[in-house]
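The structure appears right after this line, and notes come after that.
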Amino acid sequence: MLRSARSERRRGDAGFTLIEVLVALAVIAVVLTAIGSLVAASARGTRSIDAHLALVETARAIETGLPSREDLKTGSFSGELAGHRWRVDVQPFAANVDSRTPSQWIPLTVVIRVQSPAGSVLQLDTVRLRRRPE
């Protein structure tokens, strides 16, 4: 009889209480929520990087397609490439240049503005040198 009383007592103590199960489920829910928000933030970051990379690559392609130094003239021109709208503005470089020292080069400001289909914009400002006509 002693044996059967001990085994019954052990069977009653074995297992989890309802409170322990609820606490374990709450901890699991908190951990899964944290993991889910981390995955969502990572996905948003990846999409943002992809969009920025597409803008940069489009700007590079446009810059590569610019006319040579001799053919580059002041003015604006625009177009569309791979769904991205772009505009190039070429203007004389605005700077305090000492006119007493003649140079064979004329600096031009080149502004490339690219807009993605989603609306984000990348602007690239650079300077190109053109030979002064002789």
Side-chain angles (χ1 to χ4, degrees):
M1 280 233 172
L2 283 175
R3 233 183 225 179
S4 63
R6 280 186 188 165
S7 64
E8 284 181 27
R9 197 175 332 135
R10 283 186 191 155
R11 227 180 287 141
D13 290 342
F16 298 105
T17 65
L18 183 58
I19 293 176
E20 291 172 331
V21 169
L22 289 175
V23 168
L25 285 175
V27 168
I28 290 172
V30 167
V31 168
L32 288 177
T33 301
I35 290 171
S37 66
L38 180 65
V39 167
S42 177
R44 277 192 308 272
T46 301
R47 280 192 303 274
S48 173
I49 289 171
D50 285 343
H52 184 73
L53 182 61
L55 282 171
V56 169
E57 289 300 319
T58 303
R60 281 184 171 178
I62 293 165
E63 186 176 23
T64 302
L66 286 176
S68 65
R69 292 177 192 229
E70 294 79 28
D71 298 333
L72 190 63
K73 298 191 180 0
T74 59
S76 298
F77 48 100
S78 61
E80 188 169 324
L81 178 65
H84 292 78
R85 292 188 347 219
W86 57 267
R87 177 183 173 101
V88 176
D89 295 314
V90 181
Q91 302 168 353
F93 184 71
N96 294 332
V97 179
D98 187 7
S99 60
R100 294 177 294 189
T101 57
S103 172
Q104 64 178 349
W105 299 102
I106 300 171
L108 297 172
T109 300
V110 179
V111 179
I112 301 171
R113 186 176 187 276
V114 181
Q115 183 175 7
S116 74
S120 56
V121 175
L122 174 75
Q123 183 168 318
L124 177 65
D125 299 300
T126 187
V127 175
R128 278 220 165 162
L129 297 176
R130 184 177 67 185
R131 274 195 194 276
R132 188 177 302 275
E134 294 180 26

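Nothing here was measured: the structure is a model prediction, and the numbers come from that model.
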Is there a side chain to side chain contact (heavy atoms under 4.5 Å, CB included) between Trp105 and Arg128 once you walk through the steps?
CA-CA 10 Å; Trp105 299 102; Arg128 278 220 165 162; over 6 Å; no

If every non-hydrogen atom of [X] is compared with every non-hydrogen atom of [Y], which pair is closest and at what distance?
X: Gln123; Y: Val111; value: NE2-CG1, 3.5 Å
X: Val121; Y: Gln115; value: CG2-CG, 4.0 Å
X: Arg85; Y: Glu80; value: CG-OE1, 4.2 Å
X: Pro117; Y: Gly83; value: CG-O, 3.2 Å
X: Leu55; Y: Ser116; value: CD2-N, 3.7 Å
X: Glu20; Y: Thr17; value: OE1-N, 2.9 Å

Quick one: does [X]'s side chain have a donor or acceptor within less than 3.5 Å of a partner on [Y]'s backbone?
X: Arg131; Y: Glu70; answer: no
X: His52; Y: Asp50; answer: no
X: Thr64; Y: Arg60; answer: yes
X: Ser42; Y: Leu38; answer: no

Can [Y] be reached from [X] by stepping across I, L, V, M, F, W or Y side chains whose heavy atoms are under 4.5 Å apart?
X: Leu81; Y: Leu124; value: yes
X: Phe93; Y: Val110; value: no
X: Val56; Y: Leu66; value: yes

Are any non-hydrogen side-chain atoms of [X] and [Y] less than 4.5 angstrom apart?
X: Ser76; Y: Val88; answer: no
X: Leu129; Y: Ile106; answer: no
X: Arg130; Y: Leu108; answer: yes

Around atom CG of Leu32, are there more than 12 heavy atoms from other residues, nucleotides or ligands closer than 6.0 Å?
yes

For the [atom1] atom of [X] and the [atom2] atom of [Y], what is their distance to the nearest 0.5 Å?
X: Glu63; Y: Ile112; atom1: CD; atom2: CD1; value: 4.5 Å
X: Glu57; Y: Ile62; atom1: CD; atom2: CD1; value: 11.5 Å
X: Leu53; Y: Leu122; atom1: CG; atom2: CG; value: 11.0 Å

Using 4.0 Å as the upper bound for N to carboxylate O, is an ion pair formed by Asp71 and Lys73?
no

